[in-house]
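Every value quoted in this text rests on a predicted model; they were computed, and no experiment measured them. Side-chain atoms are counted along with the backbone in the values below, which use heavy atoms only and exclude waters and symmetry mates.
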Amino acid sequence: MHFSTVDYVIFVVLLVASAGIGLYYAFSGGCQRTTQEFLLADRSMRCLPVSLSLLATFQSAVAILGAPAEIYTHGTQYWFLGCSYFLGLLIPAHIFIPVFYRLHLSSTYQYLELRFSKSVRICGTVTFIFQMFFFHGFPLVNVYLNLFVITVTGFDLWGAVLAMGLVCTLYTALGGLKAVIWTDVFQTIVMFAGQLAVIIVGTHQAGGIAEVWKKAQNGSRISGLDLNPDPLERHTFWTLGVGGVFLMLALYGVNQAQVQRYLSSRTEKEAIMSCYVVFPCQQIVLTMGCLMGLVMYARYGEESPLDQGYVKSNDQMVLYFVMDVLQDLPGLPGLFVACLFSGALSTISSAFNSLATVTMEDLIKPHVSPMTEARATLLSKMLALGYGLVCLAMAYIASLMGSVLQAALSIFGMVGGPLLGLFCLGMFFPWANSTGALVGLLSGLVMAFWIGIGSFLSRMSASAPPVINATVIPDVGNMTTAVMTTLITSKPRPSGVQALYSLSYMWYSAHNSATVVVVGLLVSFLTGPSKEKDLNPGTIYPVLGNLLFFLPQRYREKLCCVTPLDDKPKVMDLQPYQMAQKESNGVAYTKEDDELREEEGEQKTAQPTCNLAHTVQETAL
């Protein structure tokens, strides 16, 4: 089963179109001459493209492969993950987005300096880079290419890696965030088309949707509602519907790749609406993954290509199924390959762009003498280019690592929980101080890696040979999906440390974020809690004040900030922060800066300032 000429043409068209979009935005409009245009699309994006870009980042290539394999192997219980999407998007829409948008940030981690200190900001930034780069960039390139390119299509592995990596680096480095968002839109359409083609053709060949459903029922692949509260159970309604909320918050609430898209919106209202538009799209994507898995079962039943020895893993079985179903329809295999490459391109380009943003805004600008806007923009482009080239180099290293990749992808999701906990600690608990934040983040990371690595090693050291099946794990750093192994053995219920190692992966984010909050609060109270008068305006969301509405006003003022976010000005009074930023760059803060800030606050413009302190600095220069 190999590609025809038509399939190759469709695949090439995808790469050419993606590169063309990047070149178009590189030489149109403002020609990416400013950091605001390059990193935040001039804050001019509308709701629909932002929504589809958010979805594309979530819907990775491995997700397209992993969801059908999960349904084929374990049934439709995984579909209840969709229940977590509601709160997982509603909370970011009405809590995180208003706070970030009204502070006029460029990087999510600028919030950590406003709320805590510069050291907390740097630690958060470094943690994010570690998450996105080492456990997202290079494994993703290699995982699905090894699964797909070599075993099914006859592609040359490194030809495919170089083609995808260079095209992705090209349009990200030249076209900036606007090119990334619009290529995401195009690639999302391709992903939908590829999956839909497989489902329609496969359903027709299986005898219709009724026959597919009947065979799935007879094979016990239609799962009911499992209300077992045991957190050690891999998939139940509670692990998927409740634990999944924290995974979604880590992805759509505080992840730089997603927040950067919110901040590129024309208005706060459009940023909020983008979250609402993503919700039905995610449900459609999840349903399509489930349907593809059921169609696979209807075609093969219990005699899977894996059992027959045609493939070596469940993930390869999905690809085998696609080529098997579409082999007599020239062009459609190429469409599905384009679908997979679209998932990878959208995810990797988001990683490059967000990494360039946090490196520039959090690690370079605050610590480098004033630079011209042209120089800052050029440096941002070079950062995006550099991250792309390093990712290609790491892809080669990843190809030599074998099964370690699965461990790396599993660990990736664990870093999102501590980062979520850090932002929740700052936003919801006004007593937390910078010492508590630093100790809490460190404790959360230690806990995350302890559980994750301990779980991996305990499985590897199991005496009895286990039966290994693929398990889909939603990825929270930049909204992609990973594949890891789970052991199916008849063991007694674990206890003690082994019970912690056996915790369902769906609870990792909740457990690790809770660790950050609890430890952070304890250390804050021991070292002297923050006082409300010392906090920057707009950095606290009074969630506790809303929950304790029944208490008298004076008690709520003592417990937490009670000023509703809606009562605060659209442009926060960040004069102390602006003064510190400018003085660190050798520029005096003047009265004209206040006038500029007030003027920007009165304007309801489609292109609000990227960072007030940086804009003032550039005006002075």
Side-chain angles (χ1 to χ4, degrees), residues 95-125 253-254 256 259 262-263 268 358 361-362 365-367 419 421-438 440-441 516-517 520-521 523-524 527-546 556-585 587 589 593-594 596-598 600-601 608-617:
I95 294 181
F96 292 108
I97 291 178
V99 171
F100 293 144
Y101 199 93
R102 296 178 192 186
L103 288 173
H104 292 266
L105 307 177
S106 300
S107 162
T108 316
Y109 302 97
Q110 289 173 323
Y111 168 85
L112 296 179
E113 181 175 354
L114 288 172
R115 175 61 181 87
F116 294 116
S117 65
K118 184 172 292 186
S119 58
V120 178
R121 174 183 179 179
I122 293 174
C123 288
T125 301
V254 300
Q256 170 66 23
V259 173
Y262 303 143
L263 298 176
E268 181 185 320
V358 298
E361 297 294 334
D362 299 317
K365 274 191 175 182
H367 305 95
L419 286 175
L422 182 62
F423 281 94
C424 290
L425 179 68
M427 202 171 292
F428 303 145
F429 301 95
W431 322 288
N433 59 28
S434 60
T435 303
L438 287 172
L441 177 61
V516 175
V517 171
L521 287 176
V523 174
S524 295
T527 57
S530 297
K531 300 182 184 301
E532 181 176 353
K533 62 183 178 64
D534 299 326
L535 300 175
N536 278 312
T539 57
I540 300 292
Y541 187 91
V543 63
L544 292 179
N546 295 335
R556 286 193 289 150
E557 288 178 352
K558 291 181 179 181
L559 288 173
C560 56
C561 300
V562 298
T563 305
L565 190 65
D566 292 339
D567 293 341
K568 294 185 181 293
K570 290 292 180 180
V571 177
M572 303 300 177
D573 185 10
L574 303 180
Q575 180 172 333
Y577 175 68
Q578 296 167 0
M579 293 178 64
Q581 287 280 357
K582 294 199 70 180
E583 289 172 359
S584 67
N585 291 328
V587 182
Y589 192 89
D593 295 338
D594 287 327
L596 175 62
R597 175 170 51 83
E598 292 173 3
E600 289 173 340
T609 56
C610 171
N611 182 313
L612 206 52
H614 293 159
T615 302
V616 172
Q617 175 184 323

K.L.:
Looking only at the aromatic ring of each residue, does the gap between the centers of F116 and Y111 stay below 6.0 angstrom?
P.N.:
no
K.L.:
Between D362 and T125 (side chain of the first, backbone of the second, donor and acceptor by atom type, cut-off under 3.5 Å), is there such a pair?
P.N.:
no
K.L.:
Could you give me the CA-CA distance, side-chain angles and deciding distance for F96 and V259, then say whether side chain to side chain contact (heavy atoms under 4.5 Å, CB included) is met?
P.N.:
CA-CA 9 Å; F96 292 108; V259 173; over 6 Å; no
K.L.:
Distance from I540 atom CD1 to L535 atom CG, nearest 0.5 Å?
P.N.:
5.0 Å
K.L.:
Evaluate F423 against L112 for side chain to side chain contact (heavy atoms under 4.5 Å, CB included), listing each step before the verdict.
P.N.:
CA-CA 8 Å; F423 281 94; L112 296 179; 3.9 Å; yes
K.L.:
Measure across V120 and S434 and return the closest heavy-atom pair with its distance rounded to 0.1 Å.
P.N.:
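Residues V120 and S434, closest heavy atoms: CG2-O, 3.8 Å.
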K.L.:
Between S106 and K365, is any pair of side-chain heavy atoms under 4.5 Å apart?
P.N.:
no
K.L.:
Between CD1 of I97 and CZ of R102, what distance do you get to the nearest 0.5 Å?
P.N.:
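Those atoms lie 11.5 Å apart.
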K.L.:
With a 3.5 Å distance limit and no angle check, can you tell me whether Q256 reaches the backbone of T108 through a side-chain donor-acceptor pair?
P.N.:
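Checking the backbone N and O of T108 against the side chain of Q256, a donor-acceptor pair under 3.5 Å is found.
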K.L.:
For the backbone of A432 and the side chain of R115, can you confirm whether one donor and one acceptor N or O come within less than 3.5 Å of each other?
P.N.:
yes
K.L.:
Got a second to check how far F100's CZ is from S107's OG, nearest 0.5 Å?
P.N.:
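Rounded to the nearest 0.5 Å, the CZ-OG separation comes out at 9.5 Å.
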K.L.:
Roughly how far apart are L441 CG and L419 CG, rounded to 0.5 Å?
P.N.:
6.5 Å
K.L.:
With a 3.5 Å distance limit and no angle check, can you tell me whether S524 reaches the backbone of P529 through a side-chain donor-acceptor pair?
P.N.:
no
K.L.:
How far apart are the C-alpha atoms of L105 and L114, what are their side-chain angles, what is the distance that settles it, and do they pass the side chain to side chain contact (heavy atoms under 4.5 Å, CB included) test?
P.N.:
CA-CA 10 Å; L105 307 177; L114 288 172; 3.9 Å; yes
K.L.:
Please round to the nearest 0.5 Å and tell me the distance separating atom OG of S119 and atom CG of L438.
P.N.:
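Answer rounded to 0.5 Å: 4.5 Å.
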